Amino acid sequence: MDINSLTSGSPFYVLKKGERPVLEIGTVKAKSQPRPQYQTQTPNLMNGMNFQQVVDLTVTINGSDRVINNIPLNVEIAAQGNETFSGSREAMLQAVDNMLQTSKKALEQIPLHKNVIAESEKMLEVLNPRYAEEKKQARTITDLERRQSETDKKLDTILGILQKLDSPSPSNV
């Protein structure tokens with residue numbers, strides 16, 4: 001169902017994309033009269049060009065009214081920023097599935113990009129002596145921090161043993 005076909009009481013879907021996508025389902029409360037998407041001061045002299053018509057929708061979602069401005073009229077689904085709007089369950093289903101497939105493909109690409117990073121860093125070490133020295137220093141610092149952590153753990157163990165030896169046992173009292 002395209003936006004033009006929506007009437008008061010029609011179901012309306014809002015997909016908020018981002019780190020934690022959210023799907024909100026509500027109903028259309030009101031729809032404004034169609035108007036050209038871009039208002040011009042002078043009449044358009046180009047014959048045969050149809051400018052996109054838009055409407056403003058008032059929708060009720062979770063008991064609250066929200067106005068969504070400038071929704072294209074003759075489409076099933078529209079997007080503004082990180083939000084996707086539709087009066088069609090099927091169109092929203094496809095949008096959610098597309099979002100899912102995009103993220104799955106991105107996750108499949110992680111090993112490739114990790115390899116590209118590792119190999120690129122090796123190449124930079126060969127091509128740029130300064131970069132090689134910085135990487136060597138970073139590895140040395142990381143190794144020293146690891147050794148220090150291991151030494152701290154060993155010292156804690158030794159101190160614990162010494163404290164046990166130093167404290168009087170109940171049988172010695």
Side-chain angles (χ1 to χ4, degrees), residues 1-6 10-28 37-38 51-52 54-164:
M1 171 181 292
D2 65 6
I3 301 299
N4 191 35
S5 302
L6 294 176
S10 295
F12 195 75
Y13 306 89
V14 178
L15 174 61
K16 295 180 178 183
K17 297 178 181 180
E19 188 175 321
R20 291 196 158 281
V22 174
L23 176 65
E24 297 178 331
I25 302 172
T27 57
V28 174
Q37 183 174 12
Y38 302 107
F51 284 98
Q52 177 70 50
V54 294
V55 292
D56 300 332
L57 293 176
T58 302
V59 295
T60 303
I61 298 175
N62 298 326
S64 297
D65 289 348
R66 176 177 174 199
V67 176
I68 304 168
N69 295 311
N70 300 319
I71 302 293
L73 196 58
N74 295 316
V75 297
E76 280 193 348
I77 195 162
Q80 292 178 354
N82 283 341
E83 294 186 319
T84 301
F85 310 102
S86 183
S88 167
R89 183 180 158 280
E90 292 76 21
M92 189 56 70
L93 180 66
Q94 184 64 42
V96 171
D97 188 55
N98 288 343
M99 181 177 63
L100 173 66
Q101 296 309 319
T102 299
S103 290
K104 283 183 175 182
K105 286 179 184 174
L107 288 177
E108 290 171 0
Q109 295 295 316
I110 289 174
L112 171 113
H113 291 290
K114 284 184 176 182
N115 288 336
V116 168
I117 290 169
E119 295 306 314
S120 296
E121 286 178 345
K122 289 177 187 175
M123 291 177 211
L124 285 172
E125 287 183 41
V126 170
L127 295 170
N128 185 345
R130 182 175 173 183
Y131 183 82
E133 184 60 32
E134 289 171 1
K135 289 297 278 185
K136 181 180 176 187
Q137 287 175 354
R139 284 191 295 269
T140 301
I141 290 169
T142 300
D143 185 52
L144 288 172
E145 288 172 342
R146 182 188 51 78
R147 287 176 162 182
Q148 182 65 45
S149 177
E150 289 172 1
T151 302
D152 289 346
K153 288 178 186 174
K154 288 176 184 177
L155 281 174
D156 287 343
T157 302
I158 292 170
L159 284 173
I161 293 170
L162 287 174
Q163 285 176 346
K164 286 181 184 177

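A quick note: this is a predicted structure, and the numbers were derived from the prediction, not measured.
Checked against salt bridge (Lys or Arg N to Asp or Glu O under 4.0 Å), D156 has no partners two or more places apart in sequence or in another chain. When the salt bridge (Lys or Arg N to Asp or Glu O under 4.0 Å) test is applied to E145, no partner is found at least two apart in sequence or on another chain. For K16, the salt bridge (Lys or Arg N to Asp or Glu O under 4.0 Å) partners two or more places apart in sequence, or in a different chain, are E24. Looking at residues two or more places apart in sequence or on another chain, you find no salt bridge (Lys or Arg N to Asp or Glu O under 4.0 Å) involving E108. In this view, K153 and S149 satisfy the side chain to side chain contact (heavy atoms under 4.5 Å, CB included) rule, not counting sequence neighbours.
Taking each heavy atom of L73 and Q52 in turn, the nearest pair found is N-NE2, 3.3 Å. The minimum heavy-atom distance linking A91 with E76 is given by the pair CB-OE1, 3.8 Å. Here the shortest heavy-atom pairing between V75 and P72 reads CG2-O, 3.5 Å. The minimum heavy-atom distance between T84 and A95, with the atom names listed, is CG2-CB, 4.5 Å. The minimum heavy-atom distance between L6 and G87, with the atom names listed, is CD2-CA, 3.8 Å.
A salt bridge is absent between E121 and R139: the closest approach of a Lys/Arg side-chain nitrogen to an acidic carboxylate oxygen does not fall below 4.0 angstrom. Taking 4.0 Å as the cut-off between side-chain N and carboxylate O, K122 and E119 count as a salt-bridged pair. One finds a salt bridge joining R147 and D143 here, because a Lys/Arg side-chain nitrogen approaches an Asp/Glu carboxylate oxygen to under 4.0 Å.
Interatomic distance, N115 CG to I110 CD1, rounded to the nearest 0.5 Å: 12.0 Å. One finds the CG atom of D97 at 9.0 Å from the OG1 atom of T102 (value rounded to the nearest 0.5 Å). Put simply, CG on L144 and CD on Q137 are 11.5 Å apart, with the number rounded to the nearest 0.5 Å. To the nearest 0.5 angstrom, F12 atom CZ is 12.0 Å from I25 atom CD1. Atom CD1 of I71 and atom OG of S86 lie 10.0 Å apart (nearest 0.5 Å).
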Step-by-step salt bridge (Lys or Arg N to Asp or Glu O under 4.0 Å) determination, R130 to E134 | CA-CA 6 Å; R130 182 175 173 183; E134 289 171 1; 3.5 Å; yes
Expected list for residues 61-68: side-chain donor-acceptor pairs under 3.5 angstrom, two or more places apart:
from, atom 1, to, atom 2, distance (Å)
D65, OD1, T60, OG1, 2.7
D65, OD2, K29, NZ, 2.4
R66, NH1, E83, OE2, 3.3
R66, NH2, E83, OE1, 2.4
R66, NH2, E83, OE2, 3.3

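The shortest side-chain heavy-atom distance between R89 and M92 does not fall under the 4.5 Å cut-off. At least one side-chain heavy atom of M99 sits less than 4.5 Å from a side-chain heavy atom of L15. Looking at I117 and S120, their side chains never come closer than 4.5 Å, going by heavy atoms from C-beta outward.
Judged purely by atom type and a 3.5 angstrom limit, Q80 uses its side chain to pair as donor or acceptor with the backbone of N69.
For CZ of R146, the number of neighbouring non-hydrogen atoms (other residues, nucleotides, ligands) closer than 6.0 Å is greater than 12.
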